[in-house]
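Since the structure comes first, as structure tokens, the remarks are kept for the end.
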Amino acid sequence: MAAVAMLLLPAAVANFAQTQANSWKVVGPGGGGTTISPTISPHDSRLVVERCDMSGGYVTHDNGLSWHMFNLRGGMGTFAFDPIDPKVIYAGNAALWRSNDSGQSWSMIFPSPAHGTVEHQLGDHSDYALTSQDPAYPGGGVSAIVIKNGKDGQSAKAEYLYVAFEQRGQPAVIVRSADDGITWSRFASLPQRVLLLTTQGSDLVAISGSSAYRIAPDGKVTEQGGIGSEFKSASAGRFAGEVWIYAISKDDLVHLTKDAGLHWQTFTPALQQTSGSFGAIATSVQHPETAYIGFKSLRLGAGDENLFNGIAKTTDGGQTWKVVFKEATHSADNLEGTWVEQRAAQKNQNIWFDSPYSLGVAPASPDVVYATDLFRTYRTLDGGATWQEMNSRKAGDGGWISRGLDVTTSYGMQFDPFDSRHMFIDNTDIGLFASTNGGESWHGSTEGIPDAWRNTTYWLAFDPSQRGLMWGAFSGTHDLPRPKMWRQHSPKSFAGGVAVSTDGGRHWQPSNAGLPQDSVTHILLDPSSPVGSRTLYACSFGSGVYKSTDGGKHWVQKNDGIAEEEPFAWRITASQDGSLYLVVARRSEGKGQQLAGAGALYRSTDHGEHWQAVALPAGVTGPTGLEIDPRNPEHLYLTAWGEEGDETDHNGGVYVSNDRGKTWKALFTESQHVYDLTVDTRHPDTLYITGFDAAAYRSTDAGAHWTRIPGFDFKWAHRIFLDTNDPAQIYITTFGGGVWHGPVEGDSNGHEAVVSPVPVAHP
């Protein structure tokens with residue numbers, strides 16, 4: 001049976017590649033964020049799935065050389081492969097999802113869409129939640145999945161599916177299906193989150209809290225054995241019919257049981273370390289004598305130069321360990337790296353070299369291992385002798401090309417006005433990247449930016465008359481205006497500023513006199529100002545608006561009329577009649593937001609010297625952007641984030657005014673978390689919007705009707721940019737999914753995993 005599956009898989013892979021021919025592709029350097037939970041197929045180690053800390057999932061069929069991104073309405077928690085059918089993969093978030101075609105398409109199987117299941121998108125991140133009339137559905141999210149083979153081990157379908165759900169403050173619930181996911185029942189309950197599920201004969205074995213539990217077929221739970229400290233990582237294998245489990249506890253001890261948790265031995269891997277901690281651990285299901293463990297800040301000798309992060313390996317059940325990957329002030333000697341290591345070398349710091357967040361070992365081949373950390377996915381095919389980073393591949397010009405494993409947040413795709421093939425991506429975490437060949441390859445463009453500002457480029461402004469002259473808005477604080485960034489920290493503690501480049505972004509020089517060391521989130525150039533002494537406006541998040549009349553050399557605060565004490569100045573827009581509009585992001589969150597924390601909209605008719613409040617639409621507290629019809633300065637479009645409700649958020653979407661903001665009407669409220677609106681200046685009745693509700697939309701009649709753009713397959717999006725080089729294409733920047741490039745009308749043949757299979761609650 002297994003041999004037949006192996007023979008059939010290449011055909012399945014070819015079919016996958018063919019059907020994934022989608023006009024949409026992700027562009028950029030690749031990588032740039034945290035990846036987690038690499039899970040390798042037991043049938044073919046070339047097939048791997050993993051997730052990220054944003055909302056994307058990723059699948060590869062060629063050992064990580066290329067990846068396809070998919071989304072299941074919200075961030076994923078865990079994966080599992082069917083032990084019998086090589087094409088079947090399970091994924092869990094608020095629901096259990098199944099793919100029957102190796103990750104190409106996905107179906108929600110629990111809770112069933114037929115059982116009154118409704119999707120809710122709530123809060124600042126439009127978090128994904130479900131309610132259902134299915135009495136077996138416990139709510140919360142999936143933390144562990146296991147599939148039990150048929151009784152003879154050779155049945156065509158699994159005998160049982162088991163899924164553990166967690167919900168904060170409540171016991172974990174395990175549900176079971178005996179009919180391939182058609183019907184479900186609650187099976188057992190454990191006091192804490194289930195970290196791992198596996199099978200032992202007819203029983204289940206669960207790792208939860210600080211103990212192992214055995215669960216009989218009738219649901220009776222028996223505590224096997226505990227370790228006295230809560231587990232933080234665990235991995236199971238089988239040897240001679242027994243379940244082996246390696247685990248790490250929160251007190252940084254390593255544990256091993258060879259009898260499904262009845263007895264535990266505690267040991268410290270013999271690495272001759274004098275300090276440090278352990279994080280991820282993983283073993284091979286069919287070869288549990290081999291395991292890999294991630295370590296952090298281990299001192300492998302005297303002196304700070306011997307303080308390492310890395311991976312160690314055992315091949316004898318934990319008796320002896322060998323370091324197979326280590327990094328200190330430079331990347332591992334046995335790693336084939338990418339731009340990540342280049343950037344770290346430029347900074348001459350080791351902050352890029354993180355310890356592994358998670359590890360995955362191939363069930364049938366202990367030499368195949370994937371590791372993930374803050375910025376990278378890397379893997380070995382030879383048991384740790386050599387490693388290769390899988391985010392990016394090197395181009396012939398020395399730049400970098402994404403392999404499809406993108407976790408970057410991007411605020412802008414901007415074009416050099418003198419050379420449209422000279423393009424820039426304004427990124428979080430990895431800073432500014434540039435392309436000189438129309439996006440075919442990318443290279444970092446932050447030389448000269450102070451390290452304290454380098455994390456994020458929020459926006460660029462180009463001089464329309466002088467080639468190569470440009471200004472940038474930089475910040476050491478990412479993800480603004482999301483509340484998680486300022487919830488516990490005043491923006492006054494943020495670092496950032498404006499920098500100028502005279503050579504097209506190759507080199508930068510801070511240009512900050514008069515500006516506080518705050519995060520600068522937007523910069524605007526007045527093209528009518530004198531060449532050589534341009535007027536610029538900068539949004540300082542927490543300090544308001546600053547103006548320069550000498551090309552950015554000196555800045556003066558211009559807050560007259562702005563009521564907020566620490567205004568979250570976010571975006572500034574110029575009208576063709578000379579007016580300026582300022583969007584101030586809100587600083588409150590959650591239900592029942594107070595007016596004092598609401599966002600605001602201001603207008604200046606005297607070049608920023610004074611500001612007057614423009615009333616927001618009734619109920620709106622979270623403005624995100626403002627655009628102006630290029631034909632009519634009275635015609636304004638406002639985008640907004642909704643306020644959190646019980647079932648759905650409200651007062652978000654798109655609003656329109658035909659009288660400079662004196663009155664407003666709702667134009668589109670199906671999406672409650674709209675980040676921005678784009679007007680096609682060539683055809684001003686054509687509008688584009690997107691946000692955090694798993695969709696992008698297009699209107700060709702000034703917003704009277706909207707059509708979802710098919711083929712775009714990501715949960716959290718930022719803004720749509722017209723492709724200067726191809727009027728039939730657009731770019732969509734995202735919050736954690738890189739930059740997408742595709743046709744203006746979308747691709748109706750492009751498969752979308754993200755389309756909701758159940759009704760979405762709307763206000």
Side-chain angles (χ1 to χ4, degrees), residues 26-29 32-33 54-55 124-125 406-416 423-435 439 442 444-446 449 453-462 470-486 491 494 496-499 505 508 518-525 537-541 568-573 582-583 585 623-627 639 641 673-678 688-692 696 712 714-724 730-741:
V26 180
V27 300
M54 304 301 274
S55 64
D124 185 70
H125 280 79
D406 294 78
V407 198
T408 50
T409 290
S410 306
Y411 289 91
M413 170 67 79
Q414 299 184 259
F415 299 84
D416 185 332
M423 304 158 57
F424 296 86
I425 303 178
D426 311 325
N427 290 306
T428 269
D429 289 334
I430 66 174
L432 185 66
F433 268 74
S435 172
W442 298 85
S445 184
T446 59
I449 301 300
W453 305 2
R454 201 172 183 181
N455 180 278
T456 299
T457 304
Y458 280 105
W459 204 253
L460 302 173
F462 301 87
M470 53 192 293
W471 295 263
F474 299 96
S475 172
T477 300
H478 65 184
D479 293 357
L480 294 172
R482 304 275 68 80
K484 66 178 183 177
M485 305 314 302
W486 45 260
F494 297 165
V498 173
W508 294 89
D518 291 346
S519 291
V520 177
T521 57
H522 200 220
I523 188 163
L524 176 72
L525 181 144
Y537 301 91
C539 291
S540 179
F541 200 84
F568 286 1
W570 173 240
R571 287 288 185 264
I572 191 166
T573 306
L582 172 70
V583 171
T624 55
L626 184 129
E627 290 296 324
T639 56
W641 227 246
H673 308 91
V674 179
Y675 180 88
D676 218 337
L677 179 145
T678 301
Y688 299 88
I689 59 170
T690 189
F692 276 24
F712 173 67
F714 195 71
K715 167 72 172 174
W716 294 335
H718 269 161
R719 182 185 170 99
I720 293 175
F721 292 81
L722 305 175
D723 186 345
T724 301
I730 56 175
Y731 291 94
I732 305 181
T733 59
T734 72
F735 187 76
V739 179
W740 291 62
H741 187 230

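- If you run side chain to side chain donor-acceptor pair (under 3.5 Å) between N455 and each of D429, T477, D479, only D429 comes through.
- In terms of the side-chain contact (heavy atoms from CB on, under 4.5 Å) criterion, residue partners of A461 (sequence neighbours excluded) are, by chain and number, I523, L525.
- Nearest heavy-atom pair across A717 and T690 is CB-OG1, 3.0 Å.
- Within the 3.5 Å criterion, the main-chain N or O of I425 finds no donor-acceptor partner in the side chain of S410.
- Taking each heavy atom of W453 and V498 in turn, the nearest pair found is CZ3-O, 3.5 Å.
- Centroid-to-centroid, the aromatic rings of F692 and W641 come within less than 6.0 Å.
- In summary, the side chains of R719 and T733 do not present any donor paired with an acceptor at a separation below 3.5 Å, with no hydrogens or angles considered.
- No donor-acceptor pair under 3.5 Å is formed between the side chain of Q414 and the backbone N or O of F424.
- Ring geometry for Y458 against W570 counts as perpendicular: the plane angle is over 60°, on a 0 to 90° scale with 30° as the lower cut.
- Not a single donor-acceptor pair under 3.5 Å links the side chain of W459 to the backbone N or O of W471.
- Between D518 and F541, the shortest heavy-atom contact is CB-O, 4.4 Å.
- W716 has its ring centre less than 6.0 Å from the ring centre of H125.
- If you look at W486 and F494, their ring centroids are not closer than 6.0 Å.
- Between the H522 side chain and the C539 main chain, no donor and acceptor come within less than 3.5 Å of each other.
- In this structure a side-chain-to-backbone donor-acceptor pair under 3.5 Å is present from T521 to A569.
- Centroid-to-centroid, the aromatic rings of H718 and Y411 come within less than 6.0 Å.
- Under the 3.5 Å distance criterion, with hydrogens and angles disregarded, a donor-acceptor pair is assigned to the side chains of T624 and T639.
- Counting only heavy atoms from C-beta outward, the side chains of T409 and H478 never approach each other to under 4.5 Å.
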